[in-house]
Amino acid sequence: AQKFFEFIYANKTVLIFGDTWQGKTTVAKKVFKDLYEGQLATLLVDGSKFNSPSHEHFKKILREEFRYQYEGDLWGKFLRLQREKRALIIDYFGQSHNLNQQSLHTLLQVANKYFDVVIVFAHSDLQIQQYSSTGTVQPELSDYVHCQMLPLDPSQRTQLIRRWVKFEADTSMEEAALISHENQLRTLIREAINNGLIASTPFYIFGALQLIESLKTNPNAQFGSIG
């Protein structure tokens, strides 16, 4: 996590792509918290609300989002801050059907005029669309640094499962039993991922862990699509 935030502070304008349920919104909220605690006036915006790349529309959406995160009478003070004191996080970027690639590019440029730090989260489909629409190797969506959220590797999955086991465990449970339970869950999750039943992301892994624990206590339980 420390390296991630060092990367954010070093590059300042970053466009992060990720698949559905990969944790983009969770990371966006964590970035918001970190930047805010770093003494930056930080705003988290729903990018799907942008329907125009104009400066006027951009500030209109920002003001609407601002009132949900800060006291309304601070808006004027927020605008008067130096650009270097402001940070913007845009989630769900590119999900408005009214903006084409050029409009999205312009919108990112507009954002950078008002904010020194701009961190943008978008679905991986947007990354595919920009390559297919340009037919070039170099991405056209601004000069932001482009990143891809990757699936959890085996080591990261193990850490996640270990935390789950410790959180769910009875305080009287012995260490050997905890390790055995962790190994069982790790094997089940690995098989589910290898068989294409779930993706290696926190959302699906936690869902599978919940399902496994529920089946232990109620083998006849009925589940929805994730089951």
Side-chain angles (χ1 to χ4, degrees), residues 1-127 129-130 139-149:
Q2 183 61 36
K3 290 184 178 180
F4 172 75
F5 284 107
E6 289 176 358
F7 174 83
I8 292 294
Y9 283 110
N11 291 281
K12 295 188 177 181
T13 53
V14 181
L15 180 52
I16 302 173
F17 296 97
D19 293 329
T20 303
W21 299 118
Q22 198 159 6
K24 296 185 296 298
T25 297
T26 300
V27 176
K29 292 177 179 178
K30 180 68 175 68
V31 173
F32 173 89
K33 182 174 182 292
D34 190 85
L35 294 178
Y36 180 83
E37 291 177 349
Q39 303 303 308
L40 289 175
T42 309
L43 192 59
L44 175 59
V45 176
D46 181 349
S48 67
K49 295 182 178 181
F50 291 116
N51 294 314
S52 166
S54 71
H55 287 254
E56 294 75 15
H57 180 73
F58 178 78
K59 288 193 287 187
K60 174 179 177 292
I61 297 300
L62 258 58
R63 184 166 189 173
E64 291 175 356
E65 297 287 285
F66 185 88
R67 63 183 179 180
Y68 296 113
Q69 299 169 42
Y70 299 95
E71 294 181 9
D73 56 358
L74 294 176
W75 173 247
K77 184 177 180 180
F78 179 78
L79 291 179
R80 290 191 295 272
L81 287 173
Q82 294 180 348
R83 174 177 170 275
E84 291 73 20
K85 296 292 185 180
R86 294 195 296 255
L88 177 66
I89 301 164
I90 305 178
D91 197 11
Y92 303 107
F93 181 73
Q95 294 194 18
S96 171
H97 298 296
N98 297 327
L99 298 180
N100 57 24
Q101 291 287 311
Q102 183 57 49
S103 295
L104 292 172
H105 173 81
T106 302
L107 181 60
L108 292 178
Q109 290 181 316
V110 170
N112 198 212
K113 288 182 182 295
Y114 292 94
F115 295 87
D116 185 44
V117 176
V118 185
I119 311 301
V120 182
F121 293 84
H123 195 279
S124 298
D125 287 348
L126 185 64
Q127 189 178 30
Q129 290 168 14
Q130 67 169 329
E140 295 293 329
L141 265 178
S142 82
D143 54 359
Y144 282 46
V145 176
H146 289 223
C147 306
Q148 178 72 40
M149 292 182 69

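To the nearest 0.5 Å, atom CG of residue L43 and atom CG of residue L35 are 11.5 Å apart. In this structure, the separation between OG1 on T106 and CG on L99 is 9.5 Å, given to the nearest 0.5 Å. In this structure, CD1 in I16 is found 5.5 Å from SG in C147, a value given to the nearest 0.5 Å. Here the CG-CD distance, from D46 to Q95, works out to 8.0 Å after rounding to the nearest 0.5 Å. Between the CG atom of L15 and the OH atom of Y144 there is a distance of 8.5 Å, given to the nearest 0.5 Å. Annotation: the span from Y70 atom OH to W75 atom CH2 amounts to 11.0 Å, rounded to 0.5 Å.
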Run the numbers on L44 and Q69 for side chain to side chain contact (heavy atoms under 4.5 Å, CB included), then give the verdict.
CA-CA 8 Å; L44 175 59; Q69 299 169 42; 3.9 Å; yes
Start with the C-alpha distance between T25 and Y92, add both sets of side-chain angles, then the distance that settles side chain to side chain contact (heavy atoms under 4.5 Å, CB included), and finish with yes or no.
CA-CA 8 Å; T25 297; Y92 303 107; 3.3 Å; yes
Please test V145 against K12 for side chain to side chain contact (heavy atoms under 4.5 Å, CB included), starting from the C-alpha separation and ending with a verdict.
CA-CA 9 Å; V145 176; K12 295 188 177 181; over 6 Å; no
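In this structure the side chain of L104 reaches within 4.5 angstrom of the side chain of L126, judged on heavy atoms. Within the 4.5 Å cutoff, the side chain of P53 has no heavy atoms near those of the V110 side chain. A heavy-atom distance below 4.5 Å is found between the side chains of F78 and F66. K30 has its side chain within reach of F5: a pair of non-hydrogen atoms, C-beta onward, lies under 4.5 Å apart.
Every residue meeting the side chain to side chain contact (heavy atoms under 4.5 Å, CB included) condition with T20, not counting sequence neighbours, appears here in chain and number order: H123. The ring pair (Phe, Tyr, Trp, His ring centres under 6.0 Å) test applied to F7 returns no partner, not counting sequence neighbours. Take Y9 and apply the side chain to side chain donor-acceptor pair (under 3.5 Å) test, not counting sequence neighbours, and it matches D34. Contacts of N51 classified as side chain to side chain donor-acceptor pair (under 3.5 Å), with partners at least two apart in sequence or in another chain: S96, N98. Contacts of R83 classified as salt bridge (charged side-chain N to carboxylate O under 4.0 Å, His left out), with partners at least two apart in sequence or in another chain: D116. Residues meeting the salt bridge (charged side-chain N to carboxylate O under 4.0 Å, His left out) test with E84, sequence neighbours left out: none. Every residue two or more places apart in sequence or in another chain that forms a ring pair (Phe, Tyr, Trp, His ring centres under 6.0 Å) with Y114 is listed here: H55, F58. Evaluation of the ring pair (Phe, Tyr, Trp, His ring centres under 6.0 Å) rule for F32 yields no partner, not counting sequence neighbours. Applying the ring pair (Phe, Tyr, Trp, His ring centres under 6.0 Å) criterion to F121, with sequence neighbours excluded, gives no partner residue. With sequence neighbours left out, K85 forms a side chain to side chain donor-acceptor pair (under 3.5 Å) with no residue at all. In terms of the salt bridge (charged side-chain N to carboxylate O under 4.0 Å, His left out) criterion, residue partners of K33 (sequence neighbours excluded) are, by chain and number, E37.
Shown here for S52 and L107, the closest heavy-atom pair between the two residues is O-CD1, 4.2 Å. Closest non-hydrogen pair, I89 versus A28, comes out as CD1-O, 3.7 Å. Listed here is the closest heavy atom pair of M149 and G18: CB-CA, 4.2 Å. Annotation for I90 and G47: closest pair CG2-CA, 3.6 Å, computed over non-hydrogen atoms.
Between the side chains of Q101 and H105, no donor-acceptor pair is found at a separation under 3.5 Å.
In this structure, H146 and F17 have tilted ring planes: the angle between them lies in the 30° to 60° band.
Sequence neighbours left out, the pairs with a member in residues 56-77 that pass salt bridge (Lys or Arg N to Asp or Glu O under 4.0 Å) are K49-E65, K60-E64.
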